[in-house]
Amino acid sequence: MADTKTVEPEAAEPGGKQPKSVRVVLLALMITMMLAMLDNMIVGTAMPTIVGDLGGLEHLSWVVTAYTLATAASTPLWGKLGDMYGRKGVFMSSIVLFLIGSALSGMAQDMGQLITFRAVQGLGAGGLMVGVMAIIGDLIPPRERGKYQGMMAGVMALAMIGGPLVGGTITDHWGWRWAFYINLPLGVVALAAISAVLHLPKKRTQARIDYLGAALLTVGITAIVLVTTWGGTEYAWTSAVIMELVGIGVAALVGFVFWQTRAAEPVVPLHIFRSRNFTLMSVIGFITGFVMFGATLFLPLYQQSVQGASATNSGLLLLPMLGAMLVTSMVAGRVTTNTGRYKVFPVVGSVLMVVGLYLLSLMDTGTSRFTSGVYMAVVGLGMGCLMQITMLVAQNSVEMKDMGVASSSTTLFRTLGSSFGVAIMGALFNSRVQDVMAERGGALGAKVTEQSAQLDAKSLAKLPDAVSEAYKHAVSAGTHSAFLLGAVVAVVALVASVFVKEVPLRGAGPKGDAGAADGSAAKVAVVEAV
């Protein structure tokens with residue numbers, strides 16, 4: 001039988017501040033969030049050095065793919081385990097697994113070992129972001145959670161800007177192995193703080209883990225990520241391998257949905273999708289991931305190839321977008337906390353995202369850095385309205401016992417959106433670049449981009465002036481098509497935003513007004529199975 005207990009969180013200090021212990025936990029959570037976001041960016045910068053040391057260039061893509069696959073496949077499982085067995089222990093387990101994978105990756109002696117250990121690291125990483133969001137959901141009522149949006153957006157912006165710079169510095173001065181070892185001291189600090197200060201009720205459940213559901217979901221997600229990763233690069237979109245993966249993925253996901261209606265303790269309880277707001281936030285999260293990761297991929301490419309910016313400072317090139325995202329997220333969080341209203345942010349954010357992406361599609365070989373920076377800022381303003389609000393509303397749309405699966409499902413949709421965004425926008429970009437190079441650069445131009453439409457600085461420097469000029473026009477045409485597609489896709493987020501219903505957020509605002517769902521700012525209902 002199950003008992004429902006009401007657990008008293010630590011009372012807020014005078015002036016509305018969270019108690020010191022909660023602030024320490026939040027700091028540890030932000031460090032963990034930084035680990036999850038920094039890793040791929042640091043490793044990406046170190047990859048040329050890693051290949052030079054270990055060899056295995058033909059397996060290079062698997063260093064990233066193995067990590068991404070393991071992260072995406074394990075994300076829903078970590079969320080469900082946290083709901084079943086208690087958030088703290090499951091979260092700390094994910095950090096330990098991530099650190100083990102990091103240490104082993106740093107000790108890898110060949111490319112095969114590195115790929116295997118990156119998969120281990122990815123399994124742990126799947127629980128990091130989910131754990132952070134779910135624990136914040138347990139500690140802080142939705143109405144108060146807006147205050148911390150700026151902190152989370154700041155960590156995200158810092159990771160995106162600082163990742164390439166940190167990765168380059170570590171690789172140049174300490175060696176590529178420290179790109180992995182750097183996670184260890186940060187992870188140990190986070191573990192120590194969480195172990196000492198975080199106090200959540202323990203859970204014991206007699207329910208069995210839904211192994212069949214977990215297996216079907218893992219196969220389905222793996223097939224989808226492989227299709228979006230390999231399609232148009234390793235294999236043609238119409239090749240037998242891609243078609244087989246599509247078939248496997250569809251069959252596995254259909255079987256998963258069917259089984260979830262019968263499982264005693266489903267991995268992803270389908271009843272959470274009965275909430276209109278939760279379903280809409282999943283759609284908006286998918287679109288946000290689609291647009292954001294597409295933009296972060298093609299904007300530096302455009303600025304380096306067309307505007308002649310330095311690749312070393314590629315993270316800084318995104319500063320207008322990330323800075324705008326940070327400021328807007330802080331404002332949105334404060335307004336949501338003070339008023340309890342949030343529907344305006346998904347609507348305004350979607351409009352700004354559509355407009356900003358359309359403006360980015362207008363860039364050509366003559367666009368100045370200032371103009372492109374303004375366009376990026378518009379997109380950043382839109383994403384700042386959406387990034388954290390989607391998680392906030394999704395968590396507010398489910399019961400406390402489903403907080404983990406709500407957090408993991410929202411994270412998963414955003415991850416899948418980023419995979420589709422990079423794949424589809426990338427395929428369109430590559431096609432346009434190759435067409436324009438054939439038109440403007442002739443036979444030599446077509447040959448230059450035959451293997452890859454994305455040329456590095458050394459390759460660009462070796463091109464004849466005429467072919468180099470043709471490549472600038474080709475990249476400009478490619479980014480035009482990619483961002484125009486992004487603008488069209490973002491319209492879906494706008495339509496979804498219009499149908500969001502403004503349900504009062506649980507937990508009182510600064511003055512204990514009508515925002516409280518249960519009339520109490522000091523209590524959070526926690527369901528504990530006995």
Side-chain angles (χ1 to χ4, degrees), residues 31-47 49-51 53-56 59-82 85 89-132 159 163 167 170-171 175-191 194-195 209 211 214-215 217-226 229 267 408 411-412 415-416 418-419:
I31 292 174
T32 310
M33 186 176 173
M34 177 77 79
L35 287 175
M37 300 205 63
L38 264 181
D39 187 77
N40 258 340
M41 296 185 177
I42 290 179
V43 173
T45 310
M47 281 313 300
T49 308
I50 294 174
V51 172
D53 189 14
L54 298 182
H59 303 304
L60 174 64
S61 62
W62 273 104
V63 175
V64 176
T65 302
Y67 180 89
T68 305
L69 276 177
T71 301
S74 63
T75 292
L77 305 182
W78 285 113
K80 184 61 180 178
L81 289 173
Y85 299 110
V90 170
F91 181 53
M92 292 179 67
S93 299
S94 71
I95 296 176
V96 170
L97 186 58
F98 178 81
L99 295 182
I100 291 172
S102 298
L104 291 174
S105 295
M107 294 186 286
Q109 298 301 308
D110 57 48
M111 193 60 81
Q113 289 183 8
L114 180 60
I115 291 169
T116 302
F117 298 149
R118 284 284 284 166
V120 173
Q121 193 184 20
L123 288 174
L128 298 186
M129 192 68 76
V130 172
V132 169
I170 289 175
T171 304
W176 67 264
R177 296 183 186 278
W178 276 95
F180 299 104
Y181 293 151
I182 194 68
N183 294 327
L184 302 181
L186 293 174
V188 168
V189 169
L191 272 176
I194 291 168
S195 176
I209 297 174
Y211 292 106
L217 182 60
T218 300
V219 171
I221 292 172
T222 299
I224 289 173
V225 174
L226 285 178
T229 303
V267 177
S408 63
T411 303
L412 177 62
T415 301
L416 293 179
S418 67
S419 294

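Quick caveat, the model's predicted, so the values are computed rather than measured.
The structure places CG of N183 at 12.5 Å from CD1 of I31, a figure rounded to the nearest 0.5 Å. Residue S102 holds its OG atom at 14.0 Å from CZ of R177, rounded to the nearest 0.5 Å. One distance of note links OG1 of T71 with CG of L412; it measures 11.0 Å at 0.5 Å rounding. The structure places CG of L77 at 12.5 Å from OG of S94, a figure rounded to the nearest 0.5 Å. The CG atom of L128 lies 9.0 Å from the CG atom of L97; values are rounded to the nearest 0.5 Å. With values rounded to the nearest 0.5 angstrom, L35 atom CG is found 9.5 Å from L184 atom CG.
Shortest non-hydrogen contact noted between T32 and A190 is OG1-CB, 3.5 Å. Nearest approach of S418 to T415, heavy atoms of both residues: OG-O, 2.5 Å. Across every non-hydrogen atom of A214 and V267, the tightest pair is N-CG2, 3.7 Å. Taking all atoms of both residues into account, the shortest heavy-atom contact from L99 to V188 is CD1-N, 4.1 Å. Smallest separation of non-hydrogen atoms from A108 and F117: CB-CD1, 4.2 Å. Here the shortest heavy-atom pairing between Q121 and S105 reads OE1-OG, 4.1 Å.
V130 has its side chain out of reach of F91: every pair of non-hydrogen atoms, C-beta onward, lies at least 4.5 Å apart. Proximity of P76 to L217: side-chain heavy atoms (C-beta onward) are separated by under 4.5 Å at one or more points. In this structure, S408 and K80 have side chains that are not in contact, with every pair of non-hydrogen atoms separated by 4.5 Å or more. Using a 4.5 Å cut-off on side-chain heavy atoms (C-beta onward), T75 and I221 make no contact. Annotation: side chain of L104 is not in contact with side chain of Q113 (no heavy-atom distance under 4.5 Å).
Residues passing the side chain to side chain contact (heavy atoms under 4.5 Å, CB included) test with L81 are Y85, V90, I209, sequence neighbours excluded. Annotation: side chain to side chain contact (heavy atoms under 4.5 Å, CB included) contacts of A70 (sequence neighbours excluded): L123.
In this structure, S195 contributes its side chain and L191 its backbone to no donor-acceptor pair below 3.5 Å.
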message: Run T411 and W78 through side-chain contact (heavy atoms from CB on, under 4.5 Å) and show every step you take.
response: CA-CA 11 Å; T411 303; W78 285 113; over 6 Å; no

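Applying the salt bridge (charged side-chain N to carboxylate O under 4.0 Å, His left out) test to residues at least two apart or on different chains, the pairs with a partner in residues 97-124 are D39-R118.
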